[in-house]
Number of protein chains: 2
Amino acid sequence: MTDQTVLKAGTGAAIRLARGQRLTIVNTHGTQVVDCWALNAGDLGEHLSMPHCRNQWYRLTPRPGDLLVTNLRNPILRLIADSSPGIHDTLIPCCDLTRYHQLGIKGHHASCAENFTTALRSIALEQVHPPPPLNLFMNVPMKVNGMLAVAPPDSKPGDLVELEAEMDCIVVLSACPHDIFPVNGADCTPKDVAYAVR
Amino acid sequence: MTDQTVLKAGTGAAIRLARGQRLTIVNTHGTQVVDCWALNAGDLGEHLSMPHCRNQWYRLTPRPGDLLVTNLRNPILRLIADSSPGIHDTLIPCCDLTRYHQLGIKGHHASCAENFTTALRSIALEQVHPPPPLNLFMNVPMKVNGMLAVAPPDSKPGDLVELEAEMDCIVVLSACPHDIFPVNGADCTPKDVAYAVR
């Protein structure tokens, strides 16, 4: 794939998509979770919503061809292609500073919540509270006793997800900076990913 | 239980709880789903959040003793007691007019989203977009192929859930008016429930 932009480990980006444009997200090293949000470009209060997506899919995760819908039940994205095993998370919120403090971190720690706000500010938009994201490549298995766990991604280097915009929207990506649990690989080390728009 | 207030089938109520007060919700007929929200009384932007609860519980559903937390990860309620089989839903958004139109209804249909707004207005508060609720008694089984379904509640007449306020908050309840799928029982007929505060 040509014209890839590297999204550095632990950072975020906000990407404007016109309806019909496609965004490809590449898991360069195969081990990195990418939190993904989408906001209606004309109304930031309308956003990609995981509960409404689950009601649309009657599954916990999307498959190629599935529409991704907003809190107002309008299509905002469509999953076009997915070369990974299709293990993505729709259950867990993005990491934030409060979560890192709960996990014993003192002071500042980069977070997907901070990346969400910073990325939007980089395109002159202000939105402080990130909606629950689509956590691409995040592996949250359910054990047979019903307990959820966090495991390293099942994807392999170069796995990609392709999304098509169903409305003019802003997609925010965060290469998750979590380095405490093996959410971003067994070595607990966030890695670069990449994306391309066409 | 004394001093119960009946919540008529298909309607909602907003209930102020001071920290430490307890709210009991009774599934009078055993077949009725009750959508449940909680908002910080001092900041309506802080609300009970299912993704943050799942991250707290590492389960899809709460058990007695579990804290229910907000989008800012603060405890807002605690599940004190549950005489039902513990089948509640945290995955599906509340019903709204758009959903009923998708299901073929023409014109108006009562909805949990409308009940949320109307109930808050009854205590002079304005909040238009309901967060994803805790759907008490709602039975969303997962089939072995990963597909979600909507089935009649597993609860029996008189089953109750008791919640304790961990902060001064407003709880909104909606006796779900859904009458198309058997979400509120095999007869697709919404029923009265009841609640009590102490």
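Throughout, a chain's letter reflects where its sequence line sits, starting with A, and its residues are numbered from 1.
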message: For B/V150 and A/Y58: C-alpha separation, side-chain torsions, deciding distance, then whether side chain to side chain contact (heavy atoms under 4.5 Å, CB included) applies.
response: CA-CA 9 Å; B/V150 175; A/Y58 281 98; 4.1 Å; yes
task: Please look at A/T61 and chain B and tell me whether the side chain, the backbone, both or neither of the residue comes under 4.5 angstrom of a heavy atom of that chain.
output: neither
field: Atom of A/P51, atom of B/P93 and distance for their closest heavy-atom approach
entry: O-CD, 3.1 Å
message: Same cluster or not: B/L7 versus B/V33, using hydrophobic residues (I, L, V, M, F, W, Y) connected whenever any side-chain heavy atoms lie under 4.5 Å apart?
response: no
message: Check this for me: A/K8, atom NZ, are more than 12 non-hydrogen atoms of other residues, nucleotides or ligands nearer than 6.0 Å?
response: no
message: Quick check: is B/M50 connected to B/L68 through a chain of hydrophobic side chains (ILVMFWY, heavy atoms under 4.5 Å apart)?
response: yes
message: Please say yes or no: joined through hydrophobic side-chain contacts below 4.5 Å, possibly via intermediate residues, are A/I123 and A/F116 part of one cluster?
response: yes
message: Working to the nearest 0.5 angstrom, can you tell me the gap between A/M147 CE and B/L60 CG?
response: 10.5 Å
message: Heavy-atom pairs under 4.5 Å with chain B: which of A/N71, A/N145, A/I92 has the most?
response: A/I92
query: Do A/L77 and A/L173 sit in the same hydrophobic cluster, where Ile, Leu, Val, Met, Phe, Trp and Tyr count as joined when their side-chain heavy atoms come under 4.5 Å apart?
result: yes
- request: Hey, could you give me the CG/CG distance between A/L91 and B/N55, rounded to the nearest 0.5 Å?
  value: 10.0 Å
query: What's the shortest heavy-atom distance between A/R73 and B/C94, and which atoms?
result: NH2-O, 3.0 Å
- prompt: Does any heavy atom of chain B fall under 4.5 Å from the side chain of A/D96, the backbone, both, or neither of them?
  reply: both
- prompt: Among the clusters formed by ILVMFWY side chains lying less than 4.5 Å apart, do B/Y195 and B/V171 turn up in the same one?
  reply: yes
query: When only pairs under 4.5 Å are counted, which of A/Q102, A/R99, A/H129 shares the most heavy-atom pairs with chain B?
result: A/R99
